[in-house]
2 protein chains.
Amino acid sequence: MTTMSNRYQADPAKNRPTMRHVAALAGVGIKTVSRVMNDEPGVSEATRRRVLDASQQLNYQLDMAAGSLRRTGRQTLSIGLLLPSVANPFSSEIHRALEDALAARGIAVFAASLDDDPEREKALVAAFLGRRVDGLVLTPIARSQSYVIPEHSRDLPMVFIDREPVGIDADAVVTDNAVGAARAAAHFLAHGHTKIAFLGDRTDIQTARERRRGFIEELGRAGLATSTVPVRDGLHDEESARLAALELLTAEDPPTAIFSSQNLVTFGAMRALKELALSKRVALIGFDDFTLADMMEPAVTVIAQHPERIGRLAAERLLARIDGDKQPARTYVVPSELIQRGSGEIRPQS
Amino acid sequence: MTTMSNRYQADPAKNRPTMRHVAALAGVGIKTVSRVMNDEPGVSEATRRRVLDASQQLNYQLDMAAGSLRRTGRQTLSIGLLLPSVANPFSSEIHRALEDALAARGIAVFAASLDDDPEREKALVAAFLGRRVDGLVLTPIARSQSYVIPEHSRDLPMVFIDREPVGIDADAVVTDNAVGAARAAAHFLAHGHTKIAFLGDRTDIQTARERRRGFIEELGRAGLATSTVPVRDGLHDEESARLAALELLTAEDPPTAIFSSQNLVTFGAMRALKELALSKRVALIGFDDFTLADMMEPAVTVIAQHPERIGRLAAERLLARIDGDKQPARTYVVPSELIQRGSGEIRPQS
DNA sequence: CGATGTTGTGACAACGATGTCTAATCGTTA
DNA sequence: TAACGATTAGACATCGTTGTCACAACATCG
């Protein structure tokens with residue numbers, strides 16, 4: 001053996017350098033490197049330079065995981081986000097707004113899709129907890145969220161979005177589903193409709209139930225016999241909605257206006273109306289806005305939600321909790337908005 | 001003092017339990033707990049039970065970060081994904097496909113949006129590296145990706161999507177942009193068009209250049225004087241595209257067919273056509289499919305990309321690299337597909 | 001001039017887990 | 001019954017970093 005290979009010499013080709021490598025190269029102690037990397041005071045400018053030079057030369061980068069292991073508070077600067085699907089436009093807008101609000105604090109976002117699977121919800125929560133996220137933002141799917149009570153009582157910041165959790169008292173940010181749906185009902189009534197149908201999503205989904213309740217109650221307040229309102233529930237995709245709409249529209253004494261409680265259902269209703277050439281004769285209002293709604297023939301009136309506001313508010317609440325806010329849990333309601341575009345303003349035809 | 005408080009006694013209310021707490025409660029050594037939690041052999045069934053019981057009682061959960069710190073290989077089971085925007089439908093479908101392919105291996109995905117900002121690209125890559133992700137999937141924005149060469153040569157798995165990287169030799173998964181655009185050109189030619197306009201995105205984007213090249217070259221092959229083809233570049237949003245289309249369509253000797261190289265541009269073109277009541281007289285093909293394209297009047301013919309295939313393939317390549325695949329870097333091309341819906345089949349009007 | 005800060009720095013333990021190694025226990029076998 | 005391998009379990013060092021503390025060097029004060 002001729003040369004003793006220094007144990008802390010960086011092999012630039014493969015091994016990732018650590019603080020020791022930087023310290024050795026700069027000729028300082030490892031704690032000094034730590035101080036420089038974390039912008040802590042108490043390092044002379046000369047030393048600082050040397051450390052910075054060394055770390056650049058080695059292309060060194062701080063290991064956050066190792067750091068947060070030791071650091072008091074143990075923050076990882078990452079949070080977990082659980083959505084119905086990251087590919088769902090409503091969800092991904094929330095995701096985007098959250099990301100923007102959290103990026104300012106250097107917080108990274110783990111995102112995952114639930115696909116309506118309660119087991120997956122639990123598994124993903126566990127996976128994120130194992131990675132020691134600083135907080136969780138989730139759309140609840142499972143029948144109850146009580147399984148996170150242990151974590152929640154350990155002060156894990158948690159904000160539910162779109163739907164309120166069951167079996168646990170935690171913050172939530174939701175759309176005013178009932179109010180929005182009622183607004184649609186009132187709109188139809190104001191335009192002279194009395195035969196109004198409701199096309200709804202699966203009733204095990206809280207938002208779907210709320211929208212139905214708000215809609216029907218408003219009709220009731222106006223004096224309509226709510227028991228005679230044609231209601232089709234359990235529609236979870238375009239095709240089932242299309243068939244349900246076709247059935248309603250071809251029955252005897254068909255409705256003159258249709259409210260659809262969700263995007264895919266709206267699309268299905270639109271297809272049915274188009275097939276029957278009724279698009280310009282039967283009124284339609286959909287819950288949730290969508291791209292190109294204004295380019296349809298006729299343009300589609302909707303109750304628009306504000307995903308960007310939901311996301312921003314959820315981020316704010318989460319950050320507040322992370323910063324130690326101990327307020328009692330609350331549900332925050334983001335108002336929806338009726339956007340008139342034409343389809344909702346069609347009057348009943350004689 | 002009456003009672004000595006055990007240092008490792010869990011305060012279930014606040015402190016997260018560690019292996020020591022579990023070990024103490026189960027009356028075993030900490031390494032035994034580790035063995036049980038990791039399903040390692042060499043633990044008797046009786047001990048196993050005791051440990052499992054204790055860990056359930058304390059609601060213990062393994063700390064992956066601490067584990068991977070010591071573990072050989074140091075995998076964190078998380079990867080970083082950089083997209084133009086998580087709210088962009090094309091991007092979020094890729095995201096979803098990636099997630100599905102990686103979830104099977106228990107890999108979590110950090111997702112972030114770039115917003116066409118090269119600085120953000122570098123910052124986010126650094127942020128993910130600091131979290132020691134096992135790999136990176138990214139849409140390159142910056143003029144060059146050479147800044148990741150140090151990491152790449154340390155064998156950090158990396159796959160570029162949608163666009164090929166510049167200044168570094170790494171895997172990429174892209175759409176056959178030129179071929180797809182050429183297919184649109186051929187389609188127009190086959191339907192008798194000779195006055196064909198091109199509406200393009202910013203030319204600093206590789207995919208935009210490729211689409212233009214493919215389109216123009218195909219027209220050239222058919223004998224058209226390519227220098228006379230009306231080309232409008234630099235369109236990055238709906239409004240600029242709408243204005244460009246209006247200008248083209250109201251000029252002297254207007255085109256009888258329009259190709260738009262991107263979704264927002266397609267929307268802008270659709271609006272212009274509608275305003276001029278030319279939707280059914282001027283042919284239109286858009287690059288990239290979109291929701292409700294088949295519900296438009298007329299339905300819109302598109303060159304569809306396959307984001308789900310791009311995502312799946314990117315995940316496959318990333319996993320292969322993570323598993324040690326040392327093949328030379330390659331670019332994988334996912335074919336696009338022409339979907340005829342009506343707008344692209346309109347023949348030139350006399 | 002000695003006592004007293006003030007700075008700058010590094011040694012050391014610790015964070016929560018795993019890799020290595022050694023030891024105790026047990027059942028088998030010669 | 002002594003010797004042996006197989007099985008089970010724990011002690012200890014370690015991963016890369018930060019918190020704590022001690023200490024040297026130097027400036028400041030009565």
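Just so you know, these numbers use all the heavy atoms, side chains as well, and skip hydrogens, waters and symmetry mates.
For the OP1/OP2 pair of dT9(C) and a distance below 4.0 Å, the side-chain nitrogens and oxygens of S44(A) include at least one atom meeting the criterion. Applying the 4.0 Å criterion to OP1 and OP2 of dT8(D), one finds that T47(B) has every side-chain N and O outside that range.
In this structure, I30(A) reaches the bases: a heavy-atom distance under 4.0 Å links it to at least one base atom across the strands shown. Within the 4.0 angstrom heavy-atom criterion, no nucleotide atom of any strand lies near S68(A). G42(A) comes within contact range of at least one nucleobase, with a heavy-atom separation under 4.0 Å.
In this structure, CZ of R131(B) is placed 15 Å from P of dT17(D), rounded to the nearest angstrom. E45(B) places its CD atom 16 Å from the C1' atom of dA9(D), with the value rounded to the nearest Å. Atom-to-atom, CD of E40(B) to P of dT18(C) comes out at 7 Å; the value is rounded to the nearest Å. Remark: C1' of dG16(C) and CG of N15(B) are 14 Å apart, rounded to the nearest angstrom. To the nearest angstrom, P of dT18(C) lies 11 Å from CE of M64(B). In this structure, R20(A) atom CZ and dT18(D) atom P are separated by 13 Å, rounded to whole Å. With rounding to whole Å, M37(B) atom CE is found 14 Å from dT18(C) atom C1'. A straight line from CZ of R132(B) to C1' of dT17(D) spans 11 Å, rounded to a whole angstrom.
Ion pairing between a basic and an acidic side chain is recognised when a charged N comes within 4.0 Å of a carboxylate O; R16(B) and D155(A) show no such pairing. A salt bridge between R120(B) and E99(A) is present, with a side-chain N of the basic residue lying under 4.0 Å from a carboxylate O of the acidic one. Salt bridge absent: R48(B) and D53(B) never bring a charged side-chain N and a carboxylate O closer than 4.0 Å. The pair E93(B)-R96(B) fails the salt-bridge criterion, with no side-chain N (NZ, NE, NH1 or NH2) lying under 4.0 Å from an Asp/Glu carboxylate O.
Picking from dA11(C), dG16(D), dG16(C) the nucleotide with the shortest atom distance to the side chain of K31(A) gives dA11(C). Residue S34(A) has its side chain nearest to dT18(D) when only dT17(D), dT18(D), dT18(C) are considered. Distances from the side chain of L69(A) to the nucleotides dC15(C), dT17(D), dA17(C) place dC15(C) closest. Considering only side-chain atoms of D63(A), the nucleotide from dG10(D), dG16(D), dA9(D) that sits closest is dG16(D). Among the nucleotides dT17(D), dG16(C), dT9(C), the one closest to any side-chain atom of M19(A) is dT17(D). Among the nucleotides dT18(C), dT17(D), dT9(C), the one closest to the side chain of R70(A) is dT17(D). Distances were taken from every side-chain heavy atom of T32(A) (C-beta onward) to each of dT9(C), dA9(D), dG16(C); the shortest belongs to dT9(C). Counting only heavy atoms from C-beta on, N38(B) has its side chain closest to dT18(C) among dT20(D), dT18(C), dG16(C).
Inspection of the Q145(A) and E121(A) side chains reveals an N or O donor paired with an N or O acceptor under 3.5 Å. For the 3.5 Å distance criterion, the side chains of S68(B) and Q75(B) fail to qualify, holding no donor opposite an acceptor. Remark: the T76(A) side chain and the D134(A) side chain contain an N/O donor-acceptor pair separated by less than 3.5 Å.
Residue whose closest nucleotide on DNA chain D sits further toward the 5' end, between R35(B) and R71(B): R35(B). Mapping Q61(A) and G27(B) onto DNA chain D by nearest heavy atom places G27(B) closer to the 5' end of the strand.
With a 6.0 Å cutoff to the six-membered ring centre and a 45° limit on the axis angle, R330(A) counts as a cation-pi contact of Y332(A).
Axis angle between the ends of the helix from dC1(C)-dG30(D) to dA30(C)-dT1(D), five pairs each and rounded to 10 degrees, works out to 60°.
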